[in-house]
Amino acid sequence: MVPSTQYITHQTQGDDDYPSSDETDSDDFQQLRVNVTRPVYTQDQFDVDNEHHSRQHTTLREWAIRKRKRNACSGECLKRNLYKFLPFTKILQSYNLKQDLIKDLIAGLTVGIMHLPQGMAYGMLANLPPVYGLYVSFFPVLVYFLFGTSKHISKGTFAVVSLMVGAVVEKEGLCPSSVPSVQSLGELMCKVGLATATTFIVGVYHLLMGLFKLGFVSIYLSDPLTRGFTTATAVHVLTSQLKHTFGVPVDRFSGPFKIIYWYTDFFRKIALTNVASLIMCVLCMAVIYLTKEYINPRVKAKIRMPVPIELIVIIVSTLMSYLAKFEDKFSMIVVGAIPTGIPAPTVPPVAARFNDVFVDAIGIALVAFAVDLSMGKLLANKHDYHVEANQELRAYGITNLVCSFFNCFVPVASLSRSLVQEAVGGVTQIAGLFSCCLLVLVLLFVGPLFEQLPNNVLSAIVIVNLKGMFLQLLDLRTLWRASKTDMMIWLVVFLSTVLIDVDIGLFVGLGFSLLTVVYRTQAPYTSLLGRVPNTDIYKDISIYNCSREIPGVKIFRFECSLVYANVEYFVKKLYKKTVNPWAIKKMKQKLRNNLNSRSVQNNDDEIPTENQVCDLHSTSRSSDLRILNMILISPFRYYAGIM
């Protein structure tokens, strides 16, 4: 082993073993170089020469003792767990009635006004009567107030999850209708049972994930995956609303490629379009879009809240439909009877419907969790507080379990409502309580006034709100420049979701995303680095033309952790980009054999030395002289030096 020494040499531009001055910075140049020589260790040799300790591994018994001490019955333990499982208690401690109450009141009433049209529209999107969307806008907000850690998200209806629940409700053969296009009471109860059973099972999934601290699962739902998936679901949402927009009776289809069959049947029946329904829907879409895009940005700063154009459109359309008898004169389908009051709690038919919905509930649980948590973290980072993923999972689970007893389908945080609640000054989830006060008035007294509301108006609201999702198609241009792999993830989940189905597409995209992780771990990018002139910066020589390699030195970069799955790839790329010691060994042996044969012919027993062999090879690769010497002397030392 070489003794460990270090010394300083005064090197001028005439030295041969380092780049001369004309290759570095200037013509007249003298620089001190520090050369450090130390032993090349193996791990075992290093451990012998240096005192060390083994890693501490906690046994199950030690873990149990620590947990028991931490949760021993005491006032401090009770207080800590109370704050942990009921976060609202800690929020109320720091609540300022004079400053925060008026802000939450304004935010709550603003979001409550948004809940009315969106709840009714997304209730219809879930293939249920619109009033069930209002239930989802009311009950989950109350429960989440008690258990949630986010101060700003607005729980309620969400387009993507409403569509996924609607796909479960509309499964062929589960709720057969005796008369086409007519929904009997028995069919309605069957659909409500499917929706509530799905909500209950999603709640169980979320609660189990929270209890087992699986909040980290959200990291596997990458941004390209979720954005590609939500864009694909926007296509399905738009498809589901076209029949209401055009007033065309389209048959139901299920299974892979059902969207193709649906559009085939739709265009076959396009001649049956209800022109009055189409015109009214287009007018409503134009009014809502123009107000949101051009009027709201100008008046928002003055009135501190957006113009509730959706609610205004619903009220005006209901009055027009009632006065002009749209249902009778133009054959428009209207909302119909809306029951008043709060629904009595009923047990969801989980046992009877478990086999029908438990697989679909997995995809819905993942999507709902990803949307909720990402929205919560976005607003929490903006306002400097922490959203705890595992407690959020427990809150989602309890919310779904409780609300499934009140005829609710799966609630999710809405991007638009959450941003509005935060923008108008909402401070805590108390804003949600004020929105519930407004909704309970609608459920108790106002609901029947919307019975003459045309369904195509609700479709117009849904379609306009899809704009943000369709704009995510522009991600492809950005991903093409940034990462081809991420672009492929986006395309795979988008195409599989659109062409196959919503739930299957999510799992296909997730599987493909995990495969790309495996691929990028097994075959990461490798490069040789060179020094940028006049700096101490080293860059990839295949990308930066200005970077120059140091003669006799190869700097190999491996853009991944070295694990068992990529060891062979590492060695292969290392040998390819630097020097293959086994090829040198074969060349050395071949040269030695040639010299031996010449020695025999000349009756000369001289055997070539290491330096002779290296000198012969250096004629072709003089720039790699140092690394060749190192490899020829000890290939294993070279490998240990890298590690």
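- Annotation: ring pair (Phe, Tyr, Trp, His ring centres under 6.0 Å) contacts involving residues 483-505, sequence neighbours excluded, comprise W490-F494.
- Here OG1 of T318 is found 10.5 Å from CG of L323. Values are rounded to the nearest 0.5 Å.
- Considering only residues two or more places apart in sequence or on other chains, E310 meets the side-chain hydrogen bond (donor to acceptor under 3.5 Å, both in side chains) condition with K292, N465.
- In this structure, the side chain of S513 does not engage the main chain of L510 through any donor-acceptor pair within 3.5 Å.
- Sorted by first and then second residue, the salt bridge (Lys or Arg N to Asp or Glu O under 4.0 Å) pairs with a member in residues 327-345 form an empty list; sequence neighbours excluded.
- Among residue pairs with one or both ends in residues 268-287, those qualifying as salt bridge (Lys or Arg N to Asp or Glu O under 4.0 Å) are D251-K269, D265-R268, D265-K269; sequence neighbours excluded.
- The distance from the CG atom of L319 to the CG atom of L449 is 9.5 Å, given to the nearest 0.5 Å.
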Set out, in order, the CA-CA distance, both residues' side-chain angles and the distance that settles side chain to side chain donor-acceptor pair (under 3.5 Å) for T110 and Q421, then state yes or no.
CA-CA 7 Å; T110 304; Q421 179 171 319; over 6 Å; no
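- Here the straight-line distance linking atom CZ of F158 with atom OG of S418 works out to 9.5 Å at 0.5 Å rounding.
- Scanning both residues, Q118 and T157, for their nearest heavy atoms gives O-OG1, 3.6 Å.
- For F507, the CZ atom sits in a packed shell: over 12 heavy atoms of surrounding residues, nucleotides or ligands are nearer than 6.0 Å.
- Note: M375 CE to S154 OG = 10.0 Å, rounded to the nearest 0.5 Å.
- Between the N296 side chain and the P306 main chain, no donor and acceptor come within less than 3.5 Å of each other.
- For F330, the side chain to side chain contact (heavy atoms under 4.5 Å, CB included) test picks out A276, F326, M332, with sequence neighbours left out.
- Although no hydrogens or angles enter the test, the distance criterion places a donor-acceptor pair under 3.5 Å between the side chain of R394 and the main chain of G210.
- Ionic pairing of K151 and E422 is not present here: no N-O contact between side-chain nitrogen and carboxylate oxygen is shorter than 4.0 angstrom.
- In this structure, the side chain of H152 engages the main chain of G426 through a donor-acceptor pair within 3.5 Å.
- Looking at every heavy atom in both residues, S277 comes nearest to T245 through OG-O, 3.3 Å.
- Using modelled atom types, one side-chain atom of H236 and one backbone atom of T497 make a donor-acceptor pair closer than 3.5 Å.
- Atom OG1 of T231 and atom CG of D475 lie 6.5 Å apart (nearest 0.5 Å).
- Listed by first then second residue, pairs satisfying ring pair (Phe, Tyr, Trp, His ring centres under 6.0 Å) with a partner in residues 334-358 read F354-F358, not counting sequence neighbours.
- You'll find the ring centres of F266 and F246 inside the 6.0 Å limit.
- In this structure, Y132 has its ring center under 6.0 Å from that of Y135.
- The environment of L142 atom CG is dense: over 12 non-hydrogen atoms of other residues, nucleotides or ligands sit within 6.0 angstrom.
- By the neighbour-count criterion of 12 heavy atoms within 6.0 Å, atom NZ of K258 is densely surrounded, having more than that number from other residues, nucleotides or ligands.
- Of the possible polar contacts, none joining the S483 side chain to the L479 backbone as a donor-acceptor pair under 3.5 Å is found.
- Side chain of Q429 to backbone of S150: a donor-acceptor contact under 3.5 angstrom is found.
- A donor-acceptor distance shorter than 3.5 angstrom exists from the side chain of K484 to the backbone of W480, with no hydrogens or angles considered.
- N274 contributes no side-chain N or O that, together with a main-chain N or O of G247, makes up a donor-acceptor pair within less than 3.5 Å.
- No side-chain donor-acceptor contact under 3.5 Å links E451 to the backbone of A337.
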